[in-house]
**Q** 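First, the structure itself, so that you have it in front of you.
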Protein chains: 2
Amino acid sequence: MIDKKNMKILKILQEKARIPNAEVSRQVGLAPSAVLERIRKMENQGIIDGYEVRLNPERFSRKQVAFIEIMPQPDAHIPDLGEKLAAIADILEVHYTAGNDGFLLKVRTTDTETLGEMLQKKITTIDEVLSTRTITVLSTIKETSRITID
Amino acid sequence: MIDKKNMKILKILQEKARIPNAEVSRQVGLAPSAVLERIRKMENQGIIDGYEVRLNPERFSRKQVAFIEIMPQPDAHIPDLGEKLAAIADILEVHYTAGNDGFLLKVRTTDTETLGEMLQKKITTIDEVLSTRTITVLSTIKETSRITID
DNA sequence: CCTGAAATATTGCCAGA
DNA sequence: TCTGGCAATATTTCAGG
């Protein structure tokens, strides 16, 4: 299902998702209709999940990246807590982690001040939250959601 | 520069980047040429950084997410180490963090076994790496790169 | 910064291999 | 699953407000 031609199509779309189908077909050497058929099929099969625009965080005052480890209360209902965290604005990722049975969040805020506000007003006020540990990012060398295509 | 109409355009593209321009123009109530002009301008100004396809990691054997904290050797050249880490396949993010003066990595591997291989063969073998701490993800409640548009 | 018109290009459907 | 044809749409440029 994910043969060489589909891999080639996906690699092209990973670079530049918003290009005409006809352009893709030229690069892979198939008729446009064949490429369209393949892409539609991959969308329906859930291989392709969607298409996103990549915005420059600086231009939207979301320069500050931080990761927050959440230690839940011993009696906390984990799925509930996960949902509550996921619903907070500027929390981009919520992962349930092994080891300490806690959550790891990725957040994007304007600066460390707004990060602090978020912690105090939105996170530590949740009942199920016992404590937190914040890892502030000083600089980002690499940041992509592009997975490796074998 | 990022006025109400551009915000509306960006919100549409955040949902579904690969849609015809004419469709966007219908939704925002402008002529297609006006929308094209606005999008091109935002691309040139670096407000829009690009367009990406979102692939289903499970279909490419990249289901296992993990975060790895790297403690560098005291005498390590930090920029060099950052570049080395960023070059490794399946490392999606490399952040330089405050506090412990280390790196935080986000990785995607097939399973915990391949994660272990990566640590042993590719990461701990780097001279500048003193020690590591791995946070394995059991489940992901939310994972997006979509920043909040004010 | 917008509209509207015109030329060019793409999409998406279908028949046939 | 592919190609090629064709009608419907979309893109892009440009003149003008």
Side-chain angles (χ1 to χ4, degrees), chain A residues 1-63 144-150, chain B residues 1-63 144-150:
Chain A
M1 239 130 221
I2 307 180
D3 60 359
K4 275 212 156 176
K5 281 172 184 170
N6 275 346
M7 276 174 37
K8 197 163 180 184
I9 291 170
L10 292 175
K11 279 179 182 167
I12 293 167
L13 293 179
Q14 274 190 325
E15 298 296 327
K16 233 179 172 306
R18 202 177 151 78
I19 62 170
N21 224 314
E23 176 66 27
V24 179
S25 72
R26 254 173 260 124
Q27 292 189 37
V28 298
L30 287 176
S33 50
V35 174
L36 180 69
E37 200 177 6
R38 281 168 172 274
I39 291 180
R40 289 277 176 276
K41 204 167 279 182
M42 289 193 283
E43 287 170 355
N44 293 332
Q45 289 173 341
I47 294 170
I48 292 176
D49 239 27
Y51 305 91
E52 276 184 358
V53 62
R54 194 169 52 241
L55 302 179
N56 187 338
E58 298 198 21
R59 309 304 280 278
F60 296 89
S61 301
R62 292 296 182 287
K63 202 178 151 84
T144 182
S145 58
R146 209 174 289 176
I147 63 174
T148 308
I149 300 183
D150 295 312
Chain B
M1 239 129 222
I2 307 179
D3 60 359
K4 276 212 155 176
K5 280 171 185 171
N6 275 346
M7 276 174 38
K8 196 164 182 184
I9 291 170
L10 292 175
K11 279 179 182 168
I12 293 167
L13 293 179
Q14 273 191 325
E15 297 296 326
K16 234 180 172 305
R18 201 176 152 81
I19 62 171
N21 225 313
E23 176 65 27
V24 179
S25 73
R26 255 174 260 124
Q27 291 188 37
V28 299
L30 287 176
S33 50
V35 174
L36 179 69
E37 199 178 7
R38 280 169 173 272
I39 291 179
R40 289 274 178 278
K41 203 168 280 179
M42 287 193 284
E43 287 170 356
N44 292 331
Q45 288 173 342
I47 294 170
I48 291 175
D49 241 27
Y51 305 91
E52 273 186 359
V53 62
R54 193 170 51 242
L55 301 179
N56 187 339
E58 300 198 21
R59 308 305 279 279
F60 297 90
S61 302
R62 291 298 182 285
K63 202 179 150 82
T144 182
S145 59
R146 208 175 289 176
I147 62 175
T148 308
I149 301 183
D150 295 315

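Because only heavy atoms are used, hydrogens play no part in the values below, and waters and symmetry mates are left out as well, while side chains stay in. Order of the sequence lines sets the chain letters (A, B, ...), proteins ahead of strands, with each chain counted from 1.
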**Q** Go through residues 16-41 of chain A and report each residue with a non-hydrogen atom lying under 4.0 Å from DNA chain C, sorted by number.
**A** A:Pro20, A:Asn21, A:Ala22, A:Arg26, A:Ser33, A:Leu36, A:Arg40
**Q** What residues form a salt bridge (Lys or Arg N to Asp or Glu O under 4.0 Å) with A:Glu43, not counting sequence neighbours?
**A** A:Arg40
**Q** If you walk 5' to 3' along DNA chain C, what is the first nucleotide with an atom under 4.0 Å of a heavy atom in chain B, and what is the last?
**A** C:dC1 to C:dG4
**Q** Return yes if some donor-acceptor pair links the side-chain N/O of B:Asn56 with the main-chain N/O of A:Gly46 below 3.5 Å, else return no.
**A** yes
**Q** Can you sort out the partners of A:Asn44 under side chain to side chain donor-acceptor pair (under 3.5 Å), two or more places apart, ordered by chain and number?
**A** none
**Q** Going by the rule side chain to side chain donor-acceptor pair (under 3.5 Å), which residues pair with A:Ser145 if we only count those two or more places apart in sequence or in a different chain?
**A** B:Glu52
**Q** Could you give the angle between the helix axes at the two ends of the helix from C:dC1-D:dG17 to C:dA17-D:dT1, with five pairs per end, rounded to 10 degrees?
**A** 30°
**Q** Among all residues two or more places apart in sequence or in another chain, which pass the side chain to side chain donor-acceptor pair (under 3.5 Å) test with A:Ser61?
**A** none
**Q** With salt bridge (Lys or Arg N to Asp or Glu O under 4.0 Å) as the rule and sequence neighbours excluded, what pairs involving residues 19-31 of chain A come up?
**A** A:Glu23-A:Arg26
**Q** Residues two or more places apart in sequence or in another chain: which of them pass side chain to side chain donor-acceptor pair (under 3.5 Å) with B:Arg59?
**A** none
**Q** Are B:Asp49 and A:Val53 close enough that some pair of their side-chain heavy atoms sits under 4.5 Å apart?
**A** no
**Q** Is a salt bridge present between A:Asp150 and B:Arg62, judged by a nitrogen-to-oxygen distance below 4.0 Å?
**A** yes
**Q** Mind checking what makes salt bridge (Lys or Arg N to Asp or Glu O under 4.0 Å) contact with B:Lys63, not counting sequence neighbours?
**A** B:Glu58
**Q** Show me the pairs that pass side-chain hydrogen bond (donor to acceptor under 3.5 Å, both in side chains) and involve residues 11-21 of chain B, at least two apart or across chains.
**A** B:Glu15-B:Arg146
**Q** For B:Arg38 and B:Asp3: C-alpha separation, side-chain torsions, deciding distance, then whether salt bridge (Lys or Arg N to Asp or Glu O under 4.0 Å) applies.
**A** CA-CA 11 Å; B:Arg38 280 169 173 272; B:Asp3 60 359; 3.1 Å; yes
**Q** Contact boundaries of DNA chain D with chain B (under 4.0 Å, heavy atoms), 5' to 3'?
**A** D:dA10 to D:dT13
